[in-house]
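All chains are named by letter (A, B, ...) in the order of the sequence lines, taking the proteins before the strands, and each is independently numbered beginning at 1. Note that the coordinates shown come from a computational prediction; the quantities given were computed from them, not determined experimentally.
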Number of protein chains: 2
Amino acid sequence: MTTIRQIAKLANVSVSTVSRVLNNHPYVNEQTRNDVQAIIDQLNYTPNSNAIHLSKGKTNVIGISLPLVNNQYYSSILEGIAKEAAKENYHLMVCQTNNDKKKEEEILQMLRNKKMDGLIMCSKLNEGSSLEMFSTYAPIVTCEANDVPSISSVYMNHYETFRMSMDYLIQKGHTKIGYCIGRKNSFNSTHRKQAYIEGLHSIGVTPNTNWTFEECLTIDDGKHVAQQLVQLDQRPTALVVSCNHIAASIRKEIERNGIQVPEQLAIIGCDDQPIGDLFDITTISSQSEQLGKHAFRLFFKRLTTEQQLNEHIEVSPQLIERTST
Amino acid sequence: MTTIRQIAKLANVSVSTVSRVLNNHPYVNEQTRNDVQAIIDQLNYTPNSNAIHLSKGKTNVIGISLPLVNNQYYSSILEGIAKEAAKENYHLMVCQTNNDKKKEEEILQMLRNKKMDGLIMCSKLNEGSSLEMFSTYAPIVTCEANDVPSISSVYMNHYETFRMSMDYLIQKGHTKIGYCIGRKNSFNSTHRKQAYIEGLHSIGVTPNTNWTFEECLTIDDGKHVAQQLVQLDQRPTALVVSCNHIAASIRKEIERNGIQVPEQLAIIGCDDQPIGDLFDITTISSQSEQLGKHAFRLFFKRLTTEQQLNEHIEVSPQLIERTST
DNA sequence: CTGTTAGCGCCTTCAT
DNA sequence: ATGAAGGCGCTAACAG
């Protein structure tokens, strides 16, 4: 590996001069600059990033933590981050947590290790106090609402999203409404459930626990929900579903059982997966790519601004009506 | 930031001793090891990764280049890589090329910069000679077949996959067969077209250019294909489609136009996107997650083995029959 | 078993 | 405009 030192020797200058031309610093004689550059080209020299990282205390790497990468929601966020990061010449270190809290903590540790200049958390498992502590090493941005004022966030208001769905269904005349969500006790699920309950409350209806489904993560889970619905004596007339792929799966299986959508069961999704389009699922889009874009901008601003101000950006949901309601 | 040197001073030992306990090296007195560890814990010390990287000439980072991250095929590969990488404590640097050759070359450069210990290319745009040159800096593995014997690869034989589809349709009695692929002149597309032509040739049929569609990448593209098919005087009776999301889109739009699947048009997909399941698309699964897993194993083996042997693994396609044929 | 020392490759202040 | 020299923080011979 050719080093800056060898270049210097061959060009009959000091390493600092070489470093200067490498970094386009001013105060270098035009002639020497050309000479040095010639040798650099001739030797096909490339700087060693690790040395630069160590010396500068900066890596131009942004970490991204997420449960799993093979998931439309998270890869949309990733896409948004990637687009913005490319503009600033930042590289992406993608880290899967598999929803394992310990694993997430390991990722947070990488902030202290200087493996990355900051971290965007697409979901989070550790408590706020812990994040706050790690954020003293490098900026953290969450793509979920967080209860730590000192950590920037960009988020969908999932209460709002679910509430919007509920109000939309209610306005369409539904009173027998069920829901279907993912992780039972996550931050978002809690808010969604609250929106569900308060939505029903607004028309004086008590929730029916036969119509609520939790831990629905996969297409198969959706299928099972549909099968359970089919067996019910008393079915809901509408279902609010957190994810479109689940909604699609439910629609498919329920129709296969001869139940009409939306006549006998209206289904509304709450995200922006393209599968919602193919299955004609009415949905409250959450524009996840936007989430990623904003998240990177927040990180970058934080990094380049003197002030340590934190921001919390709420992305607005958007109703997209299709034939499932 | 606390350094190894400070620890050494406080523990009244040399930096090497500290380094030894840090790295669990043998030949350290139990007592001193405990003493040093105590100080490490007390100061809540974490090593600086960049210093380690520089010193060792190794980063424990594997680069991954792909056109875009928000795509089922590529995120499945990514998932496979992630799973294997986690086992060996390797981190993922995910780099989007956006199908830009220059961008891909920048990523290859990172191999020289020592930003990563190797690169898995999920698709490739640069020619083999170029890859070969970069592979002298660090191991490269492609997730496509490549014509460079010195670079390991793991791949689906896309000729075989398409040929399998053709033979399946032919055996079902079809002779009027069309196809629908992505990038017109990519490595894979070339082989797919060849399989198509040779498949037809085997039953003495000449291809009809009205039935071939190229540059189909998005769901919208699939919709357009369906619309064009509807307008045709003479329609094919079967369609081989490279991707399930396109196949799904075609099925949806063509059925919306009153054309029966599979009676009037049989559709077969050629990958393993889950959307194929939801739309009941018969498909030749390519098991992309397996691709990623093997790719990482190949990289890792290459890195840890003395011999510089390269391997080429062909992953076998698998027919999954559903209702679209 | 432990310490000394010379790197790893580059950046950056301080002189000149 | 240029050079000398001291880091950045850690590893790994080599010498005891």
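A donor atom on one side chain and an acceptor atom on the other are not found under 3.5 Å apart for A:Glu104 and A:Thr97. Checked by atom type, the side-chain pair B:Asn126/B:Lys124 shows no donor-acceptor distance below 3.5 Å. Side-chain N/O atoms of A:Asn70 and B:Gln72 include a donor and acceptor closer than 3.5 Å.
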Legend entry - Contact state string [nucleotides 7-16 of chain C, B base, S sugar-phosphate only, - no protein heavy atom under 4.0 Å]: BBBBSB----
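A:Asn12 comes within contact range of the sugar-phosphate backbone alone, with a heavy-atom separation under 4.0 Å but no base atom that close. Here A:Val13 lies in heavy-atom contact (under 4.0 Å) with sugar-phosphate atoms only.
Note: A:Phe187 and A:His191 have tilted aromatic rings, judged against thresholds of 30 and 60 degrees for the angle between ring planes. Below 30°, between 30° and 60°, or above 60°: for B:Tyr137 and B:Phe134 the angle between ring planes is between 30° and 60°, a tilted geometry.
Taking OG of B:Ser65 as the start and CE of B:Met93 as the end, the distance is 12.5 Å to the nearest 0.5 Å. One finds the CG atom of B:Asn71 at 10.0 Å from the OG atom of B:Ser123 (value rounded to the nearest 0.5 Å).
Partners of B:Lys87 by side-chain hydrogen bond (donor to acceptor under 3.5 Å, both in side chains), not counting sequence neighbours, listed by chain and number: B:Glu84. Applying the side-chain hydrogen bond (donor to acceptor under 3.5 Å, both in side chains) test to B:Gln290 and every residue at least two apart in sequence or in another chain returns nothing.
At least one donor-acceptor pair under 3.5 Å links the side chain of A:Ser135 to the backbone N or O of A:Glu132.
For DNA chain C, none of the residues of residues 33-43 of chain B falls under the heavy-atom distance limit of 4.0 Å.
Nucleotides of DNA chain D that come within less than 4.0 Å of any heavy atom of chain A span, from the 5' end to the 3' end, D:dA1 to D:dG9.
Atom P of nucleotide C:dG3 and atom CG of B:Asn29 are separated by 11 Å, given to the nearest angstrom.
One finds no side-chain N or O of B:Thr32 lying less than 4.0 angstrom from the OP1 or OP2 phosphate oxygen of C:dC1.
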Inset, instruction - Apply side-chain contact (heavy atoms from CB on, under 4.5 Å) to A:Lys101 and A:Glu127, showing your working. - result: CA-CA 10 Å; A:Lys101 190 172 167 182; A:Glu127 11 341 281; 2.8 Å; yes
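Using five terminal pairs a side, the axes of the helix from C:dC1-D:dG16 to C:dT16-D:dA1 at its two ends make an angle of 40°, given in steps of 10 degrees.
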